[in-house]
Colleague: 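Can you keep this structure in mind? I'll have questions shortly.
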Amino acid sequence: MITLGEFKQRRKALMRHMKKNAIALLASAPAQVRNRDVEYPYRQDSDFHYLTGFDEPEAVAVFASGREQGEFILFCRKYDETKAIWTGKHAGLEGAKEKFGADEALPIEDFAETLPTLLDGKQTVNYPIGVDKELDRQVMAAVNTLRGKTRTGAKPPEEFVALDRLVHEMRLFKSPDEIQTMRKAVEVSVHAHKRAMQVCRPGMHEYQIEAEMSHECMRHGLRHSAYPSIVAGGHNACVLHYTENAAQLRDGDLLLIDAGAEFGNYAADITRTFPVNGRYSEPQRLLYELVLEAQLAAIAKIRPGNTWIQPHEEAVRVLVKGLVKLGLLQGRVYKLIRDEAYKPFFMHRTGHWLGMDVHDVGDYKIDDKWRKLEPGMVLTVEPGLYVPPACMDVDEKWRGIGIRIEDDVLVTQKGCEVLSAALPKTVAEIEAFMEAGR
Ligand code: GLY
Ligand code: MN
Ligand code: MN
């Protein structure tokens with residue numbers, strides 16, 4: 001887990017990256033109502049958590065480099081006995097200082113009236129412009145208050161900078177403690193996928209498999225998924241964001257599962273595609289092995305110095321060659337790649353950054369060029385093939401097959417490490433593992 005010291009270091013690093021005479025503001029995520037009197041489980045905004053570790057709503061963090069009374073001010077809810085009885089613990093002002101290292105803690109009700117004083121004389125305000133309407137409004141109101149007082153010496157800020165860019169660049173590089181946290185999210189998710197492989201039988205419903213996976217995660221204390229699980233039997237796998245998970249699993253079909261748990265606010269994101277009855281049919285195996293070849297080739301391109309796009313380009317090359325060989329595409333490989341003729345079967349990118357958000361933050365391009373991979377970055381590698389059930393351009397035997405294989409990969413000094421490597425992946429491994437569970 002992340003220590004108080006690391007949260008502090010992050011705040012220091014942020015302040016170092018800010019311009020001189022600047023201040024930064026960040027609001028917590030609001031609690032979200034699901035329906036009358038019922039809220040969704042609370043999840044803190046990832047940037048807010050990254051800089052504070054403070055997981056309560058109704059809070060604003062202020063970072064003011066060089067401020068004498070303290071550089072980290074946390075506006076939050078005061079401790080309230082009644083609230084503690086109804087909804088449980090909250091830090092209160094004392095807790096904000098003691099447990100979260102705030103130099104100063106003030107009641108959230110006082111934020112709007114304190115803001116002009118905080119901004120007075122600052123040249124630059126860093127905040128997530130246009131993200132939180134209430135914060136936008138409060139910042140503008142504070143600036144206008146200062147403008148109205150310039151004759152008495154007030155100095156409103158002149159420059160507004162998007163805070164997200166600075167924080168997101170920091171978040172892209174994972175520290176050893178972040179990597180440890182991600183390992184745990186991945187490890188438990190691997191257990192959940194293994195359990196799915198071993199309990200799966202024809203006739204079960206997709207939600208029953210989902211339930212087994214949730215059970216496995218929850219019994220390890222990971223109560224939340226990083227995103228809604230995709231448990232897609234047969235041609236449901238061709239719907240990329242299928243989350244109904246309601247169909248019955250048929251003998252002879254494949255089952256695609258894309259699921260990952262969240263641990264300490266970090267995500268795992270793993271996909272496997274295996275046969276409902278434990279044995280791949282010949283067409284399923286041929287397509288599966290092609291996707292696997294593409295995935296391994298993409299992973300082999302992950303090392304410092306290579307660009308972000310190289311694994312994707314490699315995956316596309318392998319897939320197109322294979323699709324031609326199997327007869328799903330006709331023509332010259334380079335032309336099919338140039339014309340994106342593979343897109344009806346492979347319509348998404350081969351991966352994304354992974355971290356506190358499943359589609360994590362961080363630029364993919366710098367100055368319009370694909371950025372280079374560097375140690376500490378974590379990304380997914382997830383090529384797939386999806387043959388639409390009604391695709392009349394291909395032989396009937398391929399139709400309705402949807403396959404994706406997704407692993408979570410850490411860029412290391414020398415190359416990379418597949419964090420989810422413990423999960424069976426080859427045809428032989430999966431068939432043997434499923435057999436062992438029967
Ligand atoms: N689970 C979402 C994704 O793979 O990107
Ligand atoms: Mn996924
Ligand atoms: Mn993914």
Side-chain angles (χ1 to χ4, degrees), residues 43 46 168 171-172 174 182-183 185-197 206-207 209-210 213-214 216-217 222 224-233 236-245 254-263 265-274 288 291-292 294-296 298-299 301-302 308-309 311-312 314-316 319 343 345-362 364 373 377-386 402-411 416-425 430:
R43 169 58 155 80
S46 296
H168 294 177
R171 279 177 52 192
L172 181 54
K174 275 70 180 174
M182 294 187 76
R183 281 186 197 282
V186 170
E187 182 192 316
V188 174
S189 306
V190 164
H191 284 308
H193 277 268
K194 282 184 166 176
R195 180 154 159 175
M197 284 179 189
E206 292 163 345
Y207 53 75
I209 307 287
E210 184 182 13
M213 298 182 82
S214 303
E216 194 61 28
C217 293
L222 279 61
H224 300 289
S225 297
Y227 54 92
S229 302
I230 298 168
V231 182
N236 291 337
C238 298
V239 180
L240 295 181
H241 290 161
Y242 176 82
T243 51
E244 289 163 39
N245 302 355
L254 292 177
L255 175 59
L256 180 155
I257 299 182
D258 183 345
E262 182 174 278
F263 175 65
N265 289 34
Y266 287 81
D269 182 10
I270 303 174
T271 309
R272 288 291 184 269
T273 311
F274 57 86
Y288 186 89
V291 176
L292 181 58
Q295 205 234 14
L296 295 174
I299 292 172
K301 289 285 171 194
I302 299 180
W308 154 261
I309 201 68
H312 175 68
E314 192 61 17
V316 167
L319 288 174
K343 283 241 168 127
F345 306 120
F346 178 45
M347 58 298 277
H348 58 78
R349 274 269 156 76
T350 302
H352 50 80
W353 305 131
L354 183 70
M356 298 181 72
D357 295 309
V358 62
H359 291 173
D360 208 32
V361 294
Y364 291 95
L373 298 171
M377 294 172 163
V378 181
L379 61 153
T380 67
V381 182
E382 50 178 308
L385 283 175
Y386 315 89
I403 294 164
R404 176 164 65 255
I405 306 172
E406 175 174 31
D407 281 305
D408 301 339
V409 180
L410 166 70
V411 184
C416 69
E417 179 189 343
V418 179
L419 300 176
S420 41
L423 187 57
K425 186 157 77 168
I430 288 177

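Indexing begins at 1, ligand by ligand and atom by atom, following the structure's order.
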Colleague: Does any non-hydrogen side-chain atom of W308 lie less than 4.5 Å from one of W353?
Modeller: yes

Colleague: Is D360 paired with K174 through a side-chain N to carboxylate O contact shorter than 4.0 Å?
Modeller: yes

Colleague: Does a side-chain heavy-atom distance below 4.5 Å link R404 with H348?
Modeller: yes

Colleague: Where is the nearest protein heavy atom to atom 4 (O) of ligand 1: which residue, which atom, and how far?
Modeller: E382 OE1, 3.0 Å

Colleague: Pairs of nitrogen or oxygen atoms closer than 3.5 Å, one from R404 and one from ligand 1: do any exist?
Modeller: no

Colleague: With respect to the Mn ion (ligand 3), please indicate if H359 possesses an N, O or S atom at a distance under 2.8 Å.
Modeller: no

Colleague: So, 4.0 Å and heavy atoms of D269: is ligand 1 close enough to count as a contact?
Modeller: yes

Colleague: Do Y364 and H352 come within less than 4.5 Å of each other through their side chains, counting heavy atoms only?
Modeller: yes

Colleague: Which is the closest N/O/S atom of E406 when seen from the Mn ion (ligand 3)?
Modeller: OE2

Colleague: Quick check: H241 with Y227 (ring centres under 6.0 Å apart)?
Modeller: no

Colleague: In terms of atom number and element, which parts of ligand 1 are under 4.0 angstrom from non-hydrogen atoms of D258?
Modeller: 1 (N), 2 (C), 3 (C), 4 (O)

Colleague: By atom name, which N, O or S atom belonging to E382 lies closest to the Mn ion (ligand 3)?
Modeller: OE2

Colleague: In this structure, does ligand 1 have an atom that sits under 4.0 Å from one of the heavy atoms of H359?
Modeller: yes

Colleague: Measuring to the Mn ion (ligand 3), does D269 have an N/O/S atom at a distance below 2.8 Å?
Modeller: yes

Colleague: Any heavy-atom pair between the side chains of R43 and N265 that's under 4.5 Å?
Modeller: yes

Colleague: Among E406, E314, E382, H312, whose side-chain hydrogen bond (donor to acceptor under 3.5 Å, both in side chains) with T350 holds?
Modeller: H312

Colleague: Find all atoms of ligand 1 within a distance of less than 4.0 Å from any non-hydrogen atom belonging to E406, and give their numbers and elements.
Modeller: 4 (O)

